[in-house]
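Proteins come first, then strands; the chains are lettered A, B, ... in the order of their sequence lines, and each starts at number 1. Below, all heavy atoms of this structure are taken into account, side chains as well, without hydrogens, waters or symmetry copies.
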Amino acid sequence: MQNFIQQVMNGLVLGSVYALIALGLTMIYGVLGLINWAHGEFYMVGAFVGYILAVRMGLPYFVALVGAMLIMAVFGIVVERVVFLPLRGRPNMNVIIGTLGLSVFLLDGANLTMGPDPVRFPSIYTDQFIRVLGISFTVQRLLVVIVTLVLIAVLRLFIRNHKLGKAMRACSQDLQAASLMGIEINHVAMITAAIAASLAAAAGTLIGPIFLVNPQMSIAAVGKAFAVTILGGLGNVEGAVVAGFTLGLAESLTVAYISSYLKEIVAFAILITTLVFKPEGIFGKHSVEKV
Amino acid sequence: MRLLETKQLTIRFGGLTAVDHVDLVVNKGEIVGLIGPNGSGKTTIFNMVTGIYTPTEGEILFGGQPIHGAKPHVITERGISRTFQNIRLFQSLSVMENVLIGCHCRMKQNFFDDLLATKKFLHEESQARRTAIELLDVFGLLDLQHETARNLPYGLQRKLEIVRALASKPELLLLDEPAAGMNPQESLALMALIRQVRDRGVTVLLVEHDMKVVMGICERIAVLNYGRKIAEGTAAEIQSNEEVIQAYLGRQAKTGA
Amino acid sequence: MKNNRLIKILVLIVILVAAALYPIVVQRGYYQHLAVMGCIYTLLASSLNLIVGYTGQLSLGHAAFYGVGAYTSALLTLRLGWPVWAGMLGAMVMAGVFGVLLGTPTLRLKGSYLVIATLGFGEIVRLVLLNWMSLTRGPMGLTGITRLAPWAVTKAHYFWVYFPIAVIVVVLLNQLVNSRTGRALKAIREDQVAAEVMGINLAFYKVLAFTVGAVIAGLAGSLYVHYVTFVSPDSFPVAESIQILVMVIVGGMGTIAGPIIGAFGIVFLLETMRALAEYRMVIYGITLFVVIVLMPDGFMGAVRRVSSILLQRGVRHAPAGD
């Protein structure tokens with residue numbers, strides 16, 4: 001039982017990170033209609049920014065977290081202007097190659113500036129422990145889950161109630177119609193990229209102190225993020241959250257009760273199964289092509 | 001002789017009944033028209049007959065054999081071919097390639113014949129090319145055989161779609177609004193062309209909004225409204241049918257035309 | 001027509017002679033190695049082109065077929081003592097089976113969904129190779145794999161065998177895409193509904209494209225493994241699938257010459273970029289982006305555009321898969 005609770009806690013931590021990364025991926029797809037193959041790198045760069053602020057510059061952890069999110073929001077806007085905009089409306093092929101170019105650039109740029117070796121990213125919360133229900137875990141782990149839930153709640157409020165959030169929803173329904181209704185698509189696109197990048201930064205900065213930070217962390221993350229995004233339904237924000245926690249729990253329970261070898265396969269097994277049997281995701285509706 | 005027959009043909013999308021218990025008969029050698037206001041289910045019937053949609057209820061018989069629920073490519077092989085309301089050519093391929101793809105289901109070589117350029121490949125290929133050239137010639141497109149489909153003017157694209165459909169040697173040809181976007185002269189030429197197709201032994205069922213075309217060439221006309229068949233008969237009978245006038249006038253009154 | 005054919009045959013002969021002389025003229029072993037890899041990548045890119053460029057089915061799982069071919073050939077020769085040629089056949093058959101395994105369940109998928117599914121498939125194959133220790137020795141990989149033949153000692157020898165193989169495969173693909181089968185694939189790329197209504201069995205031809213592509217990629221895997229005599233799962237990451245796709249698109253998909261130009265071009269480009277040392281991949285990333293924005297139809301598309309401007313004719317766009 002203790003083991004089970006411990007694994008659920010691990011699953012929630014992993015799930016938080018997956019949900020935050022996948023949220024950005026699914027939002028960019030929903031609003032801009034393109035798949036950002038460099039999204040894993042957003043997460044990785046965000047983690048390094050958090051690391052630089054907290055460790056190299058010695059800022060308090062929460063200041064570093066917020067700082068990383070703000071810096072990455074600006075980064076997201078720059079990427080939208082420089083990379084996404086020229087690719088908007090292009091065939092799928094071009095979007096893939098274009099954003100993969102960005103991915104190679106960021107990955108190897110990080111290798112170049114930060115070195116390929118993993119770095120430690122300690123925070124004061126990694127040394128403090130909590131004991132509940134007979135298990136103990138670091139405050140950092142609790143923090144990951146709580147901050148994630150807060151961010152999701154804020155995002156939800158924003159999308160539901162804020163004028164820009166509503167504009168985002170309109171754009172994800174029909175970009176052209178939204179534009180005709182007077183929605184400034186360029187603003188919405190930039191805001192979407194900014195939110196997506198800052199959520200990825202939050203994920204990186206939250207998980208950094210638990211694992212190590214290195215450029216390669218982006219590669220594993222992107223596969224997981226795809227699995228989550230597909231399971232939740234491409235473009236579905238609520239789906240991404242539920243699917244993120246689902247994958248996190250599935251992975252940690254697989255490690256505990258089946259085999260740690262299988263951990264990495266879980267995500268891809270979920271991915272393929274969803275695509276084959278319910279490509280529109282767990283919450284998606286089926287649509288018929290009009291002839 | 002009955003070539004195509006639908007019995008109580010019905011399809012529902014969610015709560016909407018798009019086609020509602022429609023009985024329709026097309027005899028061999030006829031030109032039959034299917035008319036009705038927008039959204040009355042004409043194209044949906046075409047989609048069911050060609051296997052793109054599977055009917056919720058009812059039967060479709062072709063040459064006495066049931067074909068409902070069969071895959072589109074199987075139905076084409078059986079001898080039904082069609083054109084589309086919004087032209088669906090293979091845009092970046094040449095005119096010749098478009099017609100040769102039409103010949104696909106009448107060519108007998110297999111994958112390995114194609115890969116290794118066997119005798120059978122050469123024979124089938126030259127046969128298909130001959131068919132294609134003959135058809136393109138009859139329809140006046142031969143000079144354009146190397147042109148890319150998307151570069152053709154609109155009227156010729158419609159013509160090419162008909163040629164492509166004929167290349168599969170159909171017994172029944174379904175034309176979905178062939179006169180759409182045509183000027184009166186072009187429509188006249190189209191009518192001659194459709195008669196020509198029929199004279200080649202191909203039965204024609206067409207959906208059309210241009211009443212001149214429908215009344216001019218169709219021997220029999222069926223009228224749909226809200227997915228139901230409300231009338232059937234010759235051009236003269238249809239023109240004097242109360243319900244048909246209602247369906248059209250009522251709609252016109254509503255749209256304020 | 002006849003003249004055209006004669007010119008094509010002459011060009012082919014010139015290329016073959018030049019290629020045969022290449023290892024004699026260029027003595028440095030490293031450049032000979034690049035030429036061998038160029039041949040292997042030509043097979044990979046041309047076979048992926050059949051799936052992506054001709055059939056319009058986006059795939060990021062091609063490295064899986066490459067890997068399956070490599071491991072099958074390695075294991076058959078190493079464990080069962082099969083001769084190399086039999087290993088090659090085995091590799092092609094096994095990769096073909098995987099082609100059916102990928103092609104069948106993903107029939108309904110399109111565009112981004114298909115790309116992600118193929119990516120997942122590729123990762124599963126790699127993870128299985130990595131974790132099935134008893135068969136593959138996992139991350140340690142398999143060593144001491146039989147060389148192509150006892151007489152195949154230098155890189156030049158390999159080139160003289162692999163280059164003709166690449167030529168034969170390309171010639172066969174060229175024949176295939178200009179036949180009934182090839183037209184069916186192109187029709188599917190252009191418009192699936194219209195293709196189906198023209199009598200084309202969508203499921204059959206989509207799976208066929210994946211299978212033929214996989215068989216050729218399997219052959220490439222076998223050629224690779226008997227050349228480097230070592231194989232590990234590290235050789236077949238997603239990055240490898242991406243690399244092959246980049247070759248297809250940058251060269252010009254849906255053309256026969258495009259993937260060949262892409263394969264040799266990128267193998268040699270990455271080599272000349274070695275002078276940039278650690279900045280190499282960073283600049284490569286930027287290059288990819290710029291190239292795809294400026295030349296959306298790849299090199300062959302750009303060539304066609306320039307030549308059509310020179311010939312004072314309207315610009316024709318190369319097909320863009322969806």
Side-chain angles (χ1 to χ4, degrees), chain A residues 29 33-35 37-38 41 82-83 85-87 90-113 219-220 222-223 226-227 229-230 234 259-277 279-281 289-291, chain C residues 52-53 58 60 104-117 119-128 130-133 138 192-194 197 237-239 242 245-246 248-250 253 278-294 296-298 320-322:
Chain A
Y29 180 84
L34 63 84
I35 293 206
W37 289 82
E41 279 72 24
V82 177
V83 179
L85 185 61
L87 295 174
R90 291 286 193 90
N92 238 321
M93 277 292 162
N94 294 8
V95 173
I96 292 175
I97 300 295
T99 57
L100 280 175
L102 174 66
S103 150
V104 172
F105 171 76
L106 293 175
L107 178 60
D108 289 276
N111 267 327
L112 204 59
T113 49
I219 296 172
V222 75
F226 276 132
T229 311
I230 291 294
L234 208 45
S259 151
S260 59
Y261 287 128
L262 287 179
K263 184 192 170 215
E264 299 303 310
I265 291 190
V266 172
F268 296 108
I270 288 179
L271 176 73
I272 299 276
T273 317
T274 314
L275 280 171
V276 170
F277 295 103
E280 63 279 7
E289 194 198 357
K290 198 166 158 63
V291 180
Chain C
V52 173
L58 286 184
L60 266 183
T104 312
T106 54
L107 276 173
R108 281 200 300 156
L109 303 177
K110 273 190 213 163
S112 306
Y113 289 91
L114 184 61
V115 191
I116 295 171
L119 173 97
F121 171 84
E123 275 301 89
I124 289 177
V125 168
R126 188 181 65 84
L127 288 167
V128 168
L130 195 62
N131 288 305
W132 194 346
M133 297 295 288
Q192 297 203 12
V193 173
V197 166
V238 176
I242 293 172
L245 185 66
V246 165
V248 174
I249 294 176
V250 169
M253 60 176 189
E278 64 265 43
Y279 295 98
R280 181 169 80 132
M281 290 313 282
V282 175
I283 291 172
Y284 179 61
I286 298 174
T287 312
L288 275 188
F289 176 75
V290 172
V291 166
I292 211 65
V293 169
L294 296 182
D297 306 328
D322 179 42

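When the candidates C:I242, C:T106, C:V246 are compared by the number of heavy-atom contacts under 4.5 Å with chain A, C:I242 comes out ahead. Of the residues considered (C:L107, C:L130, C:V293), C:V293 shows the highest number of contacts with chain A, using heavy-atom pairs under 4.5 Å. Each of A:V95, A:L106, A:L102, A:V83 has some count of heavy-atom pairs under 4.5 Å with chain C, and the biggest count is that of A:V83.
Between atom OH of residue C:Y113 and atom CD1 of residue A:I35 there is a gap of 8.0 Å, rounded to the nearest 0.5 Å. Taking CG of C:D297 as the reference point, atom CG of A:N94 lies at 7.5 Å (rounded to 0.5 Å). Between A:M93 atom CE and C:I292 atom CD1 the span is 9.0 Å, to the nearest 0.5 Å.
Proximity to chain C is absent for every atom of A:V222, based on heavy atoms less than 4.5 angstrom apart. Neither the backbone nor the side chain of A:L262 comes within contact range of chain C; no heavy atom of the residue lies under 4.5 Å from a heavy atom of that chain. Using a 4.5 Å cut-off between heavy atoms, A:L234 contacts chain C through both its backbone and its side chain. Contact annotation for A:I272: only side-chain heavy atoms (C-beta onward) come within less than 4.5 Å of a heavy atom of chain C. Residue C:L60 touches chain A through its side chain alone, counting heavy-atom pairs closer than 4.5 Å. Heavy atoms of A:L271 lying under 4.5 Å from chain C belong exclusively to its side chain. At a 4.5 Å heavy-atom cutoff, the contact between A:I96 and chain C is made by side-chain atoms alone. Both the backbone and the side chain of C:I116 come within contact range of chain A, judged by heavy atoms closer than 4.5 Å.
Put simply, the side chain of C:V291 does not reach to within 4.5 Å of the side chain of A:I97, judged on heavy atoms. For the pair C:V282 and A:N111, the minimum side-chain heavy-atom distance is 4.5 Å or more.
Smallest separation of non-hydrogen atoms from C:M281 and A:D108: CB-CG, 3.3 Å. Here the closest non-hydrogen pair linking A:Y29 and C:S112 is CE1-OG, 4.2 Å. Closest heavy-atom contact between A:P279 and C:L109: CB-CD2, 3.6 Å. Of all non-hydrogen atoms in C:R108 and A:V276, the two that sit nearest each other are NH2-O, 2.9 Å.
With sequence neighbours excluded, the residues forming a side chain to side chain contact (heavy atoms under 4.5 Å, CB included) with A:T273 are A:F277, listed by chain and number.
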I would like to know whether C:L288 and A:F105 meet side-chain contact (heavy atoms from CB on, under 4.5 Å); could you show each step before the answer? CA-CA 10 Å; C:L288 275 188; A:F105 171 76; over 6 Å; no
Show every donor-acceptor pair shorter than 3.5 Å between a side-chain atom in residues 119-127 of chain C and any protein atom, with sequence neighbours excluded, or say none if there are none.
from   : atom 1 : to     : atom 2 : distance (Å)
C:E123 : OE1    : C:R126 : NE     : 3.1
C:E123 : OE2    : C:R126 : NH2    : 3.0

